There are 4 protein chains.
Amino acid sequence: MKYATGIETKKRIVDAAFKLMAHRGFDALSIDDIMKSIGRTKGSFYVHFNSKEELLYEIMETRLDRGYNQLADEILEELSREPCQVRPLLEKITKEVYSSLGENRLTWTSAFYHLLIHSRKNEVVQTWLKSNAEQWSSLLNHVVEKGQETGQIRTDVDAQVITNMMMGIVMGYDILYMIDRPVNDEEVNLIHDWMFV
Amino acid sequence: MKYATGIETKKRIVDAAFKLMAHRGFDALSIDDIMKSIGRTKGSFYVHFNSKEELLYEIMETRLDRGYNQLADEILEELSREPCQVRPLLEKITKEVYSSLGENRLTWTSAFYHLLIHSRKNEVVQTWLKSNAEQWSSLLNHVVEKGQETGQIRTDVDAQVITNMMMGIVMGYDILYMIDRPVNDEEVNLIHDWMFV
Amino acid sequence: MKYATGIETKKRIVDAAFKLMAHRGFDALSIDDIMKSIGRTKGSFYVHFNSKEELLYEIMETRLDRGYNQLADEILEELSREPCQVRPLLEKITKEVYSSLGENRLTWTSAFYHLLIHSRKNEVVQTWLKSNAEQWSSLLNHVVEKGQETGQIRTDVDAQVITNMMMGIVMGYDILYMIDRPVNDEEVNLIHDWMFV
Amino acid sequence: MKYATGIETKKRIVDAAFKLMAHRGFDALSIDDIMKSIGRTKGSFYVHFNSKEELLYEIMETRLDRGYNQLADEILEELSREPCQVRPLLEKITKEVYSSLGENRLTWTSAFYHLLIHSRKNEVVQTWLKSNAEQWSSLLNHVVEKGQETGQIRTDVDAQVITNMMMGIVMGYDILYMIDRPVNDEEVNLIHDWMFV
DNA sequence: CATGAATGAGAGTTCATTCAT
DNA sequence: AATGAATGAACTCTCATTCAT
């Protein structure tokens, strides 16, 4: 029997915290700042969360999972159709991931790597990140295997190796992006050219 | 002579801080902890540094530059010899970078990404990181160009693109390493296979 | 009729608060905890009480007065009968006081001493406690005087002195009980032996 | 290599806290108040203690142990002399305990009972209190036994029972004292009269 | 050079209380 | 009568920094 304003406030807290976290990291973000930024007082933070840590988990689950659940459903469905072109699917996963988040790429990337760093001291976050990576990896692997089965992707390299390479490259490009050395999409295409026969 | 112990202490502070930073990040690291870990009290920290920020810059400059200065000299020298095999040089840069640091890979990587994250709120760090990336990129680029000139590396792809790709991959694999999904060296070889004719 | 649940709720608040107070003291007891323990939310506390302090007074009056009003009536009535045996009356007052409360001794004692401590910073409580002690003292004194008049209790000691002694002993044994050094009833009998001729 | 001012400040913190605790109890006593009352800021509290709890233990050990260690030595020594009058020894233990503390009785008693209440939620305090009571009980018991051996104290009652009774009475009178119903020393003499042959 | 005492700002958290619904 | 959102003051504790010794 929650009140609408409560749900709304909670959402605004998560949004504000997500943005602040991208800028300064989770530890450097104070509850006072979050609440001030949405025009509330810090006491009321605890109406919506039991602790600051709980807020982190909420951010993780609602803002940082790269929307795999929805994306995975779409991809897997398209994968089951015949004939199936896998290259656009892969590009969807690797290149369009940020746009599908409805989020500024730098904000998202920055928040994500803040989380990665934070995972070193928080087991829950560590577990979540690992499982998140596994989901992504598994999804990519499905697509690559399908590509190999249908003769679209080279078969002289193991599917899992290709998958790892793609994940590594996407993450690496995220990092370069943060260091202000963005890599253009054409470069990513070259990797794809190498993969596809 | 009379300052010998002082210089020694300063070095020990940097070393201790570097290791603690890899674990917990720079913000979460207290001066008290650093000094306790080397058997001194926090008051004397300010004998060696004017502020905590100054310590960060010292760490950056002495422990986190991937040893490019030394590495660059060696590489450039070998590059000027004839004949010159570039593949081992590239592997040296990408694969052996951590061993040349005399440092545990996870410690170094972790510290580096803590710094990366920190750069979002500190312009000095941001500038340093960018210039650091540029040095590395420039070094790699020299090697790739030499490889193309001597017919060892494919020329249908721009040297800068190959360089970016390699940097991205190395960084991406670092990240996977931190998420506990290490990538074996064989996989990196495949990327090299693609590059080399 | 329509307020039946309201009155019921108020009673349940007092009961729950009494038990929590015995465990943790009045200050350490939060309205949230009390209301949660009876399945209500803290907002509705203020339907029944104007403040937390008011709740304390309600507890004092309904749960902590050792039931003297009822007890006193019984004792005084029995005291007016002839012949009257005073020893069982005294034992009733001193030894059976807890059972007559329908309450666990440790709970009651603990709550009472929490209140005693609280009295140092609350004048209302202080006054109440003093008046409570006076009532008890007065009741005991009546019995002792009757005992002296009828030759059952030694007369070489002033009635008030005997009364004080008994009160002190009962309270002292409460304290020992709380420190986990319970005193058995036989010991109390010895005090009585000393009093009675 | 502590500084004199540090030791002095720590002592002043304990003194101030002891007095505030007597008035308001340990939980209601804020570090801010303590430090303000001695003209220091609350940040410096943690130079001397690691936590508020540690302060409680310091108070317990330095201000609340009724000085039994010193008292016990004196009593036991006098007990070994021949001939030995035990009545003054008992009176010393029961009546002069507060004066030997160099402390206002109400302050001491109040602080002690605050501690007793606090013991319900703190095992360290509980253990300490019990052991404290045991020491006191043991000391009293020695004196009573000596009194019985030398024919000064009645032997128709077990020594331990007499000990318990005395402890209970002293504690009970403390309580009456707090409720503002002080018991005069003459009354305590009557208890002694009963004991001594 | 090193120490330990002191500072003051700010952190996360709790809680009695108010109030629109 | 009951709810849950919001407030604001108070709490314990942390920490970069300063300074007399």
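Worth saying up front: this structure is predicted, and the values here are computed from it rather than measured. In what follows, every chain begins at residue 1, and chains take the letters A, B, ... in the order their sequences are listed.
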Establish whether the base of E:dT18 is bridged to the side chain of C:Tyr46 by a donor-acceptor pair shorter than 3.5 Å.
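Looking at the base of E:dT18, it does not pair with any donor or acceptor on the side chain of C:Tyr46 (distance under 3.5 Å).
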Which of these nucleotides, [options], is closest to any side-chain atom of [X]?
| X | options | value |
| --- | --- | --- |
| D:Tyr3 | E:dT3, F:dA1, E:dT13 | E:dT3 |
| A:Val47 | F:dT7, F:dT3, F:dT17 | F:dT7 |
| C:Arg40 | E:dT3, E:dA6, F:dA2 | F:dA2 |

Considering only heavy atoms from C-beta outward, does the side chain of [X] approach that of [Y] to under 4.5 Å?
| X | Y | answer |
| --- | --- | --- |
| A:Ser110 | A:Met178 | yes |
| A:Asp27 | B:Asp27 | no |
| B:Phe26 | B:Leu115 | no |

C:Gln126-D:Asp180 side chain donor-acceptor pair, cut-off 3.5 Å:
no
Looking only at the side chains, is there a donor atom on one of A:Glu53 and A:Tyr57 sitting less than 3.5 Å from an acceptor on the other?
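The answer is yes; a qualifying pair exists.
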Given atom [atom1] of [X] and atom [atom2] of [N], what is their separation to the nearest angstrom?
| X | N | atom1 | atom2 | value |
| --- | --- | --- | --- | --- |
| B:Leu20 | F:dA16 | CG | P | 12 Å |
| D:Asp27 | F:dC11 | CG | C1' | 11 Å |
| C:Asp32 | F:dA2 | CG | P | 16 Å |
| A:Asn50 | E:dC15 | CG | P | 13 Å |
| B:Ile31 | E:dT3 | CD1 | P | 15 Å |
| A:Ile34 | F:dA6 | CD1 | P | 15 Å |
| A:Lys52 | F:dC13 | NZ | P | 19 Å |
| A:Met35 | E:dT13 | CE | C1' | 13 Å |

So what's F:dA10 paired with, Watson-Crick or G-U wobble, going by both distances under 3.5 Å?
E:dT13
Applying the 3.5 Å cut-off to both distances, the Watson-Crick or G-U partner of E:dC19 turns out to be F:dG4
What is the nucleic acid contact for B:Leu29, judged by heavy atoms within less than 4.0 Å: base, sugar-phosphate only, or nothing?
sugar-phosphate
Looking for any heavy atom pair under 4.0 Å, which part of the strands does C:Gly43 touch: base, sugar-phosphate only, or nothing?
base
On the nucleotide [N], are OP1 or OP2 found under 4.0 Å from the side-chain N or O atoms that [X] carries?
| X | N | value |
| --- | --- | --- |
| D:His48 | E:dA6 | yes |
| B:Ser51 | F:dA16 | no |
| D:Thr5 | E:dG4 | no |
| A:Ser44 | F:dT7 | yes |
| A:Ser30 | E:dA11 | yes |

If I pick the C1' atom on F:dT21 and the same atom on E:dC1, what distance separates them, to the nearest angstrom?
13 Å
5'-most contact on DNA chain E: C:Lys42 or A:Asp33, nearest heavy atom basis?
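In this pair, the answer is A:Asp33.
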First encountered from the 5' end of DNA chain F, between D:Phe45 and A:Phe45:
A:Phe45
What do you reckon, is NZ of A:Lys121 surrounded by more than 12 foreign heavy atoms closer than 6.0 Å?
yes
